[in-house]
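Here you go, one structure.
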Amino acid sequence: YPNLQEIPAYFYGHSYGGKWVPTLLYKWLQSDQFSAVNLSGIIIGNGYVDATYQMQFAESAYAFGIINQNQRDYLLEQQEQVHDLYNNGNWSGATLIYNDIVAYLQDVNQTGGVWNYNYALYADQTLTVPLEYINFAYAQTVLSNRSSDVRSILQIPESVNYAVLSSEVQTPLLINGDYMNSTIYAIQYLLDQGIDLLLYAGQFDAGVTYPGVMDYVSALNWTGAAEF
């Protein structure tokens, strides 16, 4: 579609897209194939970018009153273990503890079952999402039913399995420690190429905390950092 080549292209990544989108564009910009696209900007929302900078679970949850001092101190110790394992090159081990911290914050016996995506909501233990998101839970159920009319309308083949946070994707990422793989280098490169970047984070997000996002933003080393 040569007639569309001049249209500004913006690439958006949410959550784990904080790794995929910067990496994709970093590699793309260094290839000859990129010249056909008018890359104008990148958007990252509540993105996983650098686990070591974004390891702010304990203080963030404590500030919101989700955990008490003893729980905060326990999580601070866990976070320190993640840093130690990361620095020693054990990314898989670091990722396991990282996931344990996230699970701890959602444990009904520890926090009452706070929802990982919003400190202000509690997940229904049967639906695994807050009752405010019951339509989302219903959509998951319908899309998981291989013979549903909705799947037929959307032309989803019966052979295709639908799952939220599919273990087929998540398990390999966990085993190889990809959660610990920072994409700061790619974001810095894109900024130095003059690519506009919009970052945002939900202040109630328990998984990608606002303080953690601001920590990695402050650590970005690019030509416009001082002015920014």
- Exam field: side chain Q71 to backbone N68, donor-acceptor pair closer than 3.5 Å: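 Yes: the side chain of Q71 pairs with the backbone of N68.
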
- Task: Kindly say whether P157 contributes a backbone atom to a donor-acceptor pair with the side chain of R151 at under 3.5 angstrom?
- Result: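 The answer is yes, because a donor-acceptor pair under 3.5 Å joins these two groups.
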
- Side-chain donor/acceptor of R146 to backbone N/O of E158, under 3.5 Å: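 Side chain of R146 to backbone of E158, a donor-acceptor pair under 3.5 Å: yes, one is there.
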
- Message: Would the distance check show the side chain of N90 and the main-chain N or O of L85 forming a donor-acceptor pair, the cut-off being under 3.5 Å?
- Response: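 Judged by distance alone, no pair lies under 3.5 Å.
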
- Query: Can you name the nearest heavy-atom pair linking N116 to D205, along with the distance?
  - Reply: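 The answer is O-OD1, 3.5 Å.
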
- Item | V49 backbone acceptor or donor facing Q54 side chain under 3.5 Å |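 Looks like yes, one N/O pair under 3.5 Å.
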
- Query: Distance from Y86 atom OH to M180 atom CE, nearest 0.5 Å?
  - Reply: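 Rounded to the nearest 0.5 Å, the OH-CE separation comes out at 8.5 Å.
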
- Query: Given I187 and L197, is the side chain to side chain contact (heavy atoms under 4.5 Å, CB included) satisfied, shown in steps?
  - Reply: CA-CA 9 Å; I187 293 175; L197 170 64; 3.6 Å; yes

- Query: Which word best sums up how the rings of Y12 and Y200 line up, parallel for under 30°, tilted for 30 to 60°, or perpendicular for over 60°?
  - Reply: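 Answer is parallel, since the angle falls under 30°.
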
- Item | Atom pair CG/OH of L220 and Y53 - distance to nearest 0.5 Å |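 With rounding to 0.5 Å, CG (L220) is 9.0 Å from OH (Y53).
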
- Starting from the C-alpha separation in whole Å, work towards a yes-or-no answer on side chain to side chain contact (heavy atoms under 4.5 Å, CB included) for L143 and I156. CA-CA 9 Å; L143 291 173; I156 302 175; 4.2 Å; yes

- Query: Is it true that V82 and L76 fall in one hydrophobic cluster, defined by side-chain heavy atoms closer than 4.5 Å?
  - Reply: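 As far as the 4.5 Å side-chain criterion goes, L76 and V82 are not connected within one cluster.
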
- Item | Side chains of T183 and N181, donor plus acceptor under 3.5 Å |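 No pair is found: no donor N or O on one side chain lies under 3.5 Å from an acceptor on the other.
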
- Message: With heavy-atom distances below 4.5 Å as the criterion, would you say the side chains of T111 and Q106 are in contact?
- Response: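 Result no, sub-4.5 Å side-chain heavy-atom pair not found.
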
- Single-linkage hydrophobic cluster V102~L96, side-chain heavy atoms < 4.5 angstrom: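 Hydrophobic grouping puts V102 apart from L96.
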
- Under 3.5 Å: donor-acceptor pair, side chain of S60, backbone of F57: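 Answer holds: no.
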
- Could you go step by step and tell me if W115 and Y122 meet the ring pair (Phe, Tyr, Trp, His ring centres under 6.0 Å) rule? CA-CA 5 Å; W115 197 37; Y122 289 81; over 10 Å; no

- Working to the nearest 0.5 Å, report the span between OG1 of T95 and CD1 of I175.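 Answer rounded to 0.5 Å: 11.0 Å.
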
- Task: Answer yes if the side chains of Y16 and D178 hold a donor-acceptor pair under 3.5 Å, and no otherwise.
- Result: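 Short answer, yes.
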
- Message: Applying a strict under-4.5 Å side-chain criterion to I, L, V, M, F, W and Y, I'd like to know whether Y10 and L191 cluster together.
- Response: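 No, because Y10 and L191 fall into different hydrophobic clusters, even though each may have its own neighbours under 4.5 Å.
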
- Message: Under the criterion ring pair (Phe, Tyr, Trp, His ring centres under 6.0 Å), I'd like the reasoning laid out for Y189 against Y26: C-alpha separation, chi angles, the key distance, then a yes or no.
- Response: CA-CA 7 Å; Y189 178 82; Y26 173 81; 5.0 Å; yes

- Task: Verify the cluster assignment for L199 and V21: are they in a single hydrophobic cluster under the rule of side-chain heavy atoms below 4.5 Å apart?
- Result: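 Yes, L199 connects to V21 through the hydrophobic network.
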
- Is S182 reaching over with its side chain to a backbone N or O of I184, donor-acceptor style, under 3.5 angstrom?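 Confirmed, S182 side chain pairs with I184 backbone.
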
- With rounding to the nearest 0.5 Å, note down the distance linking CD1 in I44 to CG in N46.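 Going from the CD1 atom of I44 to the CG atom of N46 covers 11.0 Å.
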
- Can you tell me how far CG of L75 sits from CD of Q110, rounded to the nearest 0.5 angstrom?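 Interatomic distance, Q110 CD to L75 CG, rounded to 0.5 Å: 8.5 Å.
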
- Item | Heavy-atom pair with the smallest gap, counting every atom of P22 and G17 |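 Closest approach of P22 to G17: CD-O, 3.5 Å.
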
- Task: Could you pull out the closest heavy-atom pair between Y98 and G207, with the gap in Å?
- Result: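 Smallest heavy-atom distance, with atoms named: OH-O, 4.3 Å.
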
- What do the steps show when you test V150 against N145 for side chain to side chain contact (heavy atoms under 4.5 Å, CB included), and what is the final call? CA-CA 9 Å; V150 174; N145 182 357; over 6 Å; no

- For A9 and V37, which heavy atoms make the closest approach, and how far apart are they?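 Between these two residues, the closest heavy atoms are CB-CG1, 3.8 Å.
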
- Query: Hey, quick one: are Y133 and V142 part of the same hydrophobic cluster, counting side-chain heavy atoms closer than 4.5 Å, chains of contacts allowed?
  - Reply: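 They do share one cluster, since a chain of ILVMFWY contacts under 4.5 Å joins Y133 to V142.
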
- Message: Checking side-chain polar atoms at under 3.5 Å, does Y210 have a donor or acceptor matched by the opposite partner on Q203?
- Response: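 Not at all, the side chains of Y210 and Q203 share no donor-acceptor pair under 3.5 Å.
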
- Sequence neighbours excluded - side-chain hydrogen bond (donor to acceptor under 3.5 Å, both in side chains) pairs with any residue from residues 215-228: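 Qualifying pairs, neighbours excluded: Q56-D215, D192-T223.
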
- Query: Would you say N99 and L174 make side-chain contact, with heavy atoms under 4.5 Å?
  - Reply: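 Yes. Closest side-chain heavy atoms under 4.5 Å.
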
- So do N38 and I7 actually touch side chain to side chain, heavy atoms under 4.5 Å?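 A side-chain contact under 4.5 Å is absent here.
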
- Flag if over 12 foreign heavy atoms under 6.0 Å of CD, E168: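 12 or below, so no.
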
- Message: Quick check against the 3.5 Å criterion: does Q79 have a side-chain atom that pairs as donor or acceptor with the backbone of M55?
- Response: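 Judged by distance alone, yes, a pair lies under 3.5 Å.
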
- Query: Given L105, which of D100, V114, I67 fulfils the side chain to side chain contact (heavy atoms under 4.5 Å, CB included) condition?
  - Reply: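 That would be I67.
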
- Task: Locate the shortest heavy-atom distance separating N176 from S92; write the atom from each residue and the value.
- Result: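 Scanning both residues completely, I find the closest heavy atoms to be C-OG, 3.8 Å.
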
- Mind checking the CG-OG spacing from L173 to S167? Nearest 0.5 Å is all I need.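 L173 atom CG to S167 atom OG measures 11.5 Å (nearest 0.5 Å).
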
- Query: Take atom OH in Y185; do more than 12 heavy atoms of anything else shown fall under 6.0 Å from it?
  - Reply: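 Check passes, neighbour count above 12.
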
- Message: Taking CG in D149 as the centre, count heavy atoms belonging to other residues, nucleotides or ligands within less than 6.0 Å. Is the count above 12?
- Response: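 Counting neighbours around CG of D149, 12 or fewer heavy atoms of other residues, nucleotides or ligands fall under 6.0 Å, so no.
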
- Query: Quick check: are there more than 12 heavy atoms from other residues, nucleotides or ligands sitting under 6.0 Å from CD of Q30?
  - Reply: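 More than 12 within 6.0 Å, yes.
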
- Message: The test is side chain to side chain contact (heavy atoms under 4.5 Å, CB included); show your working for W91 and Y179 and say whether it passes.
- Response: CA-CA 8 Å; W91 287 13; Y179 278 76; over 6 Å; no

- Would you find a donor on one side and an acceptor on the other, under 3.5 Å apart, between the side chain of T209 and the backbone of G212?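 Judged by distance alone, yes, a pair lies under 3.5 Å.
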
- Any sub-3.5 Å donor-acceptor pair from Q81's side-chain atoms to A94's backbone N or O?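 No.
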
- Relative to the ring of W28, is the ring of F11 parallel (under 30°), tilted (30 to 60°) or perpendicular (over 60°)?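 If you compare the ring of F11 with that of W28, the planes turn out perpendicular.
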
